[in-house]
Amino acid sequence: MEAIRNVFRAAWSSAERLDDRTVIITGANTGIGKETAIDLAKRGARVIMACRDMERGQAAVKEVVEISGSENVVCMKLDLADSKSIREFAEAINTGEPKLNILINNAGVMVCPYGKTADGFEMQIGVNHFGHFLLTHLLIDLMKRSAPARIVTVSSMAHTWGSIKLEDINSEKSYDKKAAYSQSKLANVLFTRSLAKKLEGTGVTTYSLHPGVVQTDLWRHLNGPQQFLMKMVSPFTKNSSQGAQTSIYCAVEPSLEKESGGYYSDCAPASCSAAGKDDVLAQKFWELSCQMLSITW
């Protein structure tokens, strides 16, 4: 259905400028993160590409500078699987950057074998949710001072198959890599919803989104038959540039300035799952997240 809708929907585009704005994009050295960086750099933003692998990050900076024509692009080290790295990155931003107008929580891991982060979280919930939750918490005061500001979190339609296991958030009792991925993407939707309530009246707004079925290297953990299926449907999938459009839309579209907490797909509001709108679950999960990260928010 999505593929058919996409064929008939006019592509979104905007000439909106981002001069004098500062943007952070996590996982920006590849895929839709890199395409988002190129677009926002073209619009005049200062772009900070937050990457785990600095070598790949520096190579991506060169590419972004070349394609966008903007020199105001830097790469900084951030490993979302390690709270020490997240704290060091946030400290560097808070002391070195006078403002932060857009934070794009883009980095992610997908259907990977069972593993744990440096802090003992299951890898997918750890990187996709807890890492970004902590990062946003540590940068939020700077963003409030920089308002109007936006926080954009890349989720997925996979959230609709997810449930939050409050009693076994790290999948220690049983691990299914697809279920754990879906849980982490539902976490993104709930986080955005709760965050919107927390930030009411601050001038900082939040958005979560489904980028589309995008051909990225996140597919590397799929097994043979799954990879074959993806090749079969690839004519209906998006390349990285198309996949980045909804992230860019949520970051720059002027009409969204007064919207907050919603879920988007194909550069338009979309409906998320019933679990994604469950405010009781969202609150419980918010409290659990704070507790797991030992923070008060």
Side-chain angles (χ1 to χ4, degrees), residues 22 24 26 48 50 76-108 116-155 163-172 183-208 260-262 275-297:
T22 299
I24 290 173
T26 67
I48 299 165
M76 287 173 66
K77 185 167 175 59
L78 171 66
D79 182 354
L80 286 157
D82 185 351
S83 63
K84 186 168 174 285
S85 170
I86 298 168
R87 288 181 180 281
E88 284 167 2
F89 173 84
E91 177 67 18
I93 294 293
N94 284 322
T95 53
E97 297 293 330
K99 61 187 166 208
L100 175 57
N101 308 93
I102 301 168
L103 169 62
I104 301 183
N105 292 323
N106 165 80
K116 287 199 162 176
T117 68
D119 303 276
F121 303 131
E122 181 274 315
M123 191 59 74
Q124 298 188 81
I125 195 83
V127 170
N128 299 353
H129 170 66
F130 287 123
H132 283 126
F133 189 101
L134 179 60
L135 178 67
T136 307
H137 168 70
L138 295 170
L139 296 175
I140 202 68
D141 288 342
L142 178 60
M143 295 198 78
K144 285 177 182 170
R145 291 198 297 275
S146 312
R150 298 185 185 193
I151 298 160
V152 178
T153 300
V154 179
S155 178
S163 58
I164 302 287
K165 297 191 183 110
L166 293 168
E167 305 307 315
D168 185 28
I169 203 70
N170 289 313
S171 309
E172 284 160 331
Q183 170 177 255
S184 74
K185 296 287 104 181
L186 175 56
N188 295 151
V189 174
L190 291 170
F191 167 59
T192 295
R193 196 174 171 87
S194 295
L195 191 57
K197 291 198 169 72
K198 290 250 176 253
L199 295 173
E200 264 173 31
T202 63
V204 184
T205 48
T206 75
Y207 315 84
S208 67
S260 191
K277 300 186 196 106
D278 184 337
D279 288 328
V280 176
L281 174 63
Q283 183 56 31
K284 281 184 184 159
F285 184 50
W286 182 278
E287 286 161 13
L288 177 69
S289 300
C290 289
Q291 191 187 320
M292 305 274 295
L293 291 162
S294 310
I295 58 176
T296 311
W297 189 352

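To the nearest 0.5 angstrom, Asn105 atom CG is 8.0 Å from Thr192 atom OG1. Taken from CG in Leu80 to CD1 in Ile86, the straight-line distance is 5.0 Å, to the nearest 0.5 Å. Atom OG1 of Thr95 is separated from atom CG of Leu142 by 10.0 Å, given to the nearest 0.5 angstrom. Atom CD1 of Ile24 is separated from atom CD1 of Ile104 by 10.5 Å, given to the nearest 0.5 angstrom. Note that CG of Asn94 and CG of Asp141 are 8.0 Å apart. Values are rounded to the nearest 0.5 Å. For the atom pair Leu138 CG and Phe89 CZ, the distance stands at 10.5 Å (nearest 0.5 Å).
With respect to the salt-bridge test (charged N to carboxylate O, under 4.0 angstrom), the residues Glu91 and Arg87 do not qualify.
Listed here is the closest heavy atom pair of Ile93 and Leu139: CG2-CD2, 3.7 Å. Here the closest heavy-atom approach between residue Arg193 and residue Asp279 is recorded as NE-OD1, 2.7 Å. Across all their heavy atoms, Phe285 and Leu166 have their closest contact at CA-CD2, 4.0 Å. Closest heavy-atom contact between Ser155 and Val189: OG-CG2, 3.5 Å. The nearest pair of heavy atoms linking Ala81 to Thr117 is O-CB, 3.2 Å. Contact detail for His137 and Thr296: the closest heavy-atom pair is CE1-O, 3.4 Å.
No side-chain heavy atom of Leu199 sits less than 4.5 Å from a side-chain heavy atom of Met143. Side-chain contact between Ile164 and Gln183 is present, with heavy atoms from C-beta onward closer than 4.5 Å. Contact of the Leu103 side chain with the Leu135 side chain is registered, since non-hydrogen atoms from C-beta on lie closer than 4.5 Å. When side chains are defined from C-beta on, Ile125 counts as touching Asn170, because their heavy atoms get closer than 4.5 Å.
Listed for the Ser260 side chain is no donor-acceptor partner under 3.5 Å among the backbone atoms of Thr205. Looking at Lys185, its side chain does come within 3.5 Å of a backbone N or O of Val154 through a donor-acceptor pair.
Trp297 and Phe133 have perpendicular rings, their planes meeting at more than 60° on a 0 to 90° scale where under 30° would count as parallel.
For the 3.5 Å distance criterion, the side chains of Asp79 and Ser85 fail to qualify, holding no donor opposite an acceptor. Between the side chains of Gln283 and Glu287, a donor-acceptor pair is found at a separation under 3.5 Å. One side chain, His132 or Thr26, offers a donor N or O that lies under 3.5 Å from an acceptor on the other.
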(request) Output, in order, the C-alpha distance, side-chain angles, deciding distance and verdict of side-chain contact (heavy atoms from CB on, under 4.5 Å) for Leu195 and Trp286. (result) CA-CA 9 Å; Leu195 191 57; Trp286 182 278; 3.8 Å; yes
(request) Under the side-chain contact (heavy atoms from CB on, under 4.5 Å) rule, what do Glu97 and Ile48 come out as? Steps first, then yes or no, please. (result) CA-CA 10 Å; Glu97 297 293 330; Ile48 299 165; 3.7 Å; yes
(request) Just do the side-chain contact (heavy atoms from CB on, under 4.5 Å) check on Phe121 and His129 with the steps written out, would you? (result) CA-CA 10 Å; Phe121 303 131; His129 170 66; over 6 Å; no
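Other residues, nucleotides and ligands place no more than 12 heavy atoms under 6.0 Å from the NZ atom of Lys284.
For Asp119, the side chain to side chain donor-acceptor pair (under 3.5 Å) partners are Ser83, not counting sequence neighbours.
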